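Below you'll find the structure, written out as structure tokens, and then a few comments.
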Amino acid sequence: MLVLGIETSCDETAVSLVENGRKILSNEVASSLHLHKKYGGVVPEIATRHHVELINYVLARALDKAKVKLSDIDLISVVYGPGLVGALLIGVSLAKALSLSLNVPLVGINHLQAHLYAGLMQNSLRFPFVGLVVSGGHTTLFYVKDFLKWKILGSTLDDAAGEAFDKAAKILNLGYPGGPIIEKKAKGGCRDRIKFSRAYLGKESLDFSFSGLKTALLYYVKDKTIKKTGREIADIAASFQEAAVDMLREKALRACLFKRVKSFVVGGGVIMNRRLREALEETLMSRGIAVHFPQSPLCQDNAAMVAGLGYQLYRRGIISNLNLEVQPNLKT
Ligand code: KG4
Ligand code: ZN
């Protein structure tokens with residue numbers, strides 16, 4: 001079954017063709033990241049206009065690369081939430097138009113569930129598992145019983161993990177997006193130098209909080225006695241990164257032990273961070289819990305994960321109709 005996936009929830013205009021849920025024939029992504037850099041974060045109106053300008057071009061490229069025609073498509077799968085309302089509307093409108101004109105079924109996809117499916121595309125693993133989505137907009141833990149049963153175990157009470165990295169880089173005047181820059185600076189630094197506090201929110205909580213860490217960094221940097229040498233910036237970046245990583249690994253472990261699962265899947269842009277990958281493996285594998293990461297092009301927003309999950313849901317009887325509405329605050 002050939003599935004066309006469409007993703008426009010934030011700043012990536014993405015279209016992909018996937019066969020039978022796993023075989024990626026094309027995975028085209030046009031990002032508007034460069035247009036947001038000077039603002040230090042995604043500007044919704046700019047992201048939406050970029051989708052309008054590029055979506056037809058990205059669709060044509062995806063078809064071309066996959067060497068298929070519109071008439072070969074069996075199913076359309078599109079993200080309808082959570083995300084930016086205007087941005088989501090572009091993808092959903094295209095999906096509906098194609099579904100109607102080609103007379104093929106349509107499936108609406110939850111963006112966060114798609115991020116976790118990305119970790120399943122190249123790995124076969126057994127349900128149930130615990131999943132973590134860590135991106136610029138979300139930090140959410142799920143218990144996944146099967147493709148139709150997703151339960152939220154906890155999420156951030158304030159900033160998302162990626163957002164915290166972005167804000168930290170802004171405070172340090174390092175640029176945007178902050179995650180990759182902080183990781184690079186952290187490489188030469190000492191991660192135990194500055195003791196930034198970790199918010200564990202009690203012994204059993206599966207929620208996250210990153211705003212205190214960001215504020216701690218802000219106050220540390222404001223201290224006029226601190227000299228902003230390269231060495232100091234490296235230590236700040238490494239210590240900040242380690243605090244964020246510790247909070248993520250602790251909650252991941254708690255969730256896996258609480259649900260007694262042996263598999264953990266993680267997705268979203270922050271999982272590009274090598275220290276986070278290493279720490280999750282270290283913490284979970286020593287308890288006999290297997291850790292699954294998506295391949296790097298599937299960590300960030302893309303439409304292959306959307307097409308893949310669409311196939312799995314459609315096979316289990318899920319189908320949307322042309323009344324599908326965008327849901328910017330969609331949970332599960
Ligand atoms: O999933 P994504 O591409 O977009 C959404 O937010 O949905 O994630 C982008 C986020 C940004 O906040 C970025 O700073 C963060 O992922 N990120 C990283 C790294 N690469 C990207 N954070 C930490 N370390 C990285 N290497
Ligand atoms: Zn995302």
Side-chain angles (χ1 to χ4, degrees), residues 5-14 16 27 29-34 36-37 39-44 47 51 78-84 87-88 91 109-119 131-140 142 155-156 159-172 174-187 189 191 208 210 213-214 237-238 240-249 266-280 293-306 309 328 330:
I6 303 172
E7 152 68 48
T8 61
S9 66
C10 192
D11 56 338
E12 268 87 30
T13 313
S16 169
N27 188 19
V29 182
S31 176
S32 58
L33 186 73
H34 58 291
H36 306 287
K37 275 194 170 155
Y39 303 101
V42 175
V43 181
H51 290 314
V78 63
V79 165
Y80 70 109
L84 305 171
L88 287 165
I109 297 292
N110 177 320
H111 178 77
L112 301 188
Q113 294 178 359
H115 266 306
L116 291 184
Y117 186 75
L132 171 66
V133 179
V134 259
S135 68
H138 305 276
T139 305
T140 307
F142 287 88
S155 32
T156 182
D159 293 345
E163 190 180 357
F165 273 91
D166 294 337
K167 287 179 176 169
K170 198 170 180 177
I171 293 167
L172 294 167
L174 295 176
Y176 174 83
I181 309 175
I182 296 277
E183 179 174 15
K184 202 166 163 206
K185 295 280 175 198
K187 277 206 181 102
R191 58 189 189 222
F208 300 88
F210 293 97
L213 172 61
K214 174 196 64 193
F240 173 88
Q241 176 176 271
E242 198 61 13
V245 163
D246 276 350
M247 288 189 262
L248 291 164
R249 71 155 122 190
V266 56
V270 181
I271 200 57
M272 297 288 283
N273 188 291
R274 278 166 200 266
R275 175 66 193 138
L276 177 59
R277 284 177 179 238
E278 183 185 281
L280 285 171
F293 305 112
Q295 289 188 345
S296 67
L298 300 185
C299 288
Q300 285 162 309
D301 289 351
N302 68 87
M305 63 188 191
V306 179
L309 181 57
L330 178 68

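In listed order, ligands and their atoms are each counted from 1. As the structure is a computational prediction, the values presented were derived from the model and not from experiment.
Close N/O approach between G269 and ligand 1 is found [any backbone or side-chain N/O within under 3.5 Å]. Between G136 and ligand 1, an N or O atom pair is found at a separation short of 3.5 Å. At least one N/O-N/O distance between G179 and ligand 1 falls below 3.5 Å. Geometrically, ligand 1 and G162 share a nitrogen or oxygen pair separated by less than 3.5 Å.
Screening the protein for N, O or S atoms under 2.8 Å from the Zn ion (ligand 2) yields 3; no waters enter the count.
Remark: minimum distance from atom 3 (O) of ligand 1 to any protein heavy atom is reached at Q300 CG, 3.3 Å. The single protein non-hydrogen atom nearest to atom 4 (O) of ligand 1 is D301 OD2, 3.7 Å, given as residue, atom name and distance. Looking only at heavy atoms of the protein, atom 24 (N) of ligand 1 is closest to N273 ND2, 3.0 Å. The protein non-hydrogen atom at the shortest distance from atom 15 (C) of ligand 1 is V270 CG2, 3.9 Å.
Ring pair F165/F240: centre-to-centre distance below 6.0 Å.
Under the salt bridge (Lys or Arg N to Asp or Glu O under 4.0 Å) criterion, K214 pairs with D159, not counting sequence neighbours. Legend: residues meeting side-chain contact (heavy atoms from CB on, under 4.5 Å) with K184, ordered by chain and number and at least two apart, are absent. Applying the salt bridge (Lys or Arg N to Asp or Glu O under 4.0 Å) rule to R249 yields the partners E242, D246, E282; only residues at least two apart in sequence or on another chain are considered.
Each of the atoms 6 (O) of ligand 1 lies under 4.0 Å from some heavy atom of G137.
Within the 4.5 Å cutoff, side-chain heavy atoms of R275 are placed close to those of R191. For the pair S296 and M272, the minimum side-chain heavy-atom distance is below 4.5 Å.
Using a 4.0 Å cut-off between heavy atoms, E183 contacts ligand 1 through its side chain alone, with no backbone atom that close. Of all the heavy atoms of D166, the ones lying under 4.0 Å from any atom of ligand 1 belong exclusively to the side chain.
Considering T139, T156, L213 in turn, L213 is the only one that fulfils the side-chain contact (heavy atoms from CB on, under 4.5 Å) rule with M247.
Distance alone, capped at 3.5 Å, places no donor-acceptor pair between the Q300 side chain and the N302 backbone. T8 contributes no side-chain N or O that, together with a main-chain N or O of T13, makes up a donor-acceptor pair within less than 3.5 Å.
P180 counts as a contact of ligand 1, since one of its heavy atoms falls under 4.0 Å from the ligand.
In terms of heavy atoms, L174 sits closest to I181 at O-CD1, 3.2 Å.
Enclosure of atom CD in E278 by more than 12 non-hydrogen atoms of other residues, nucleotides or ligands within 6.0 angstrom is indicated.
Ring pair H115/H111 is perpendicular by interplanar angle, where above 60° counts as perpendicular and below 30° as parallel.
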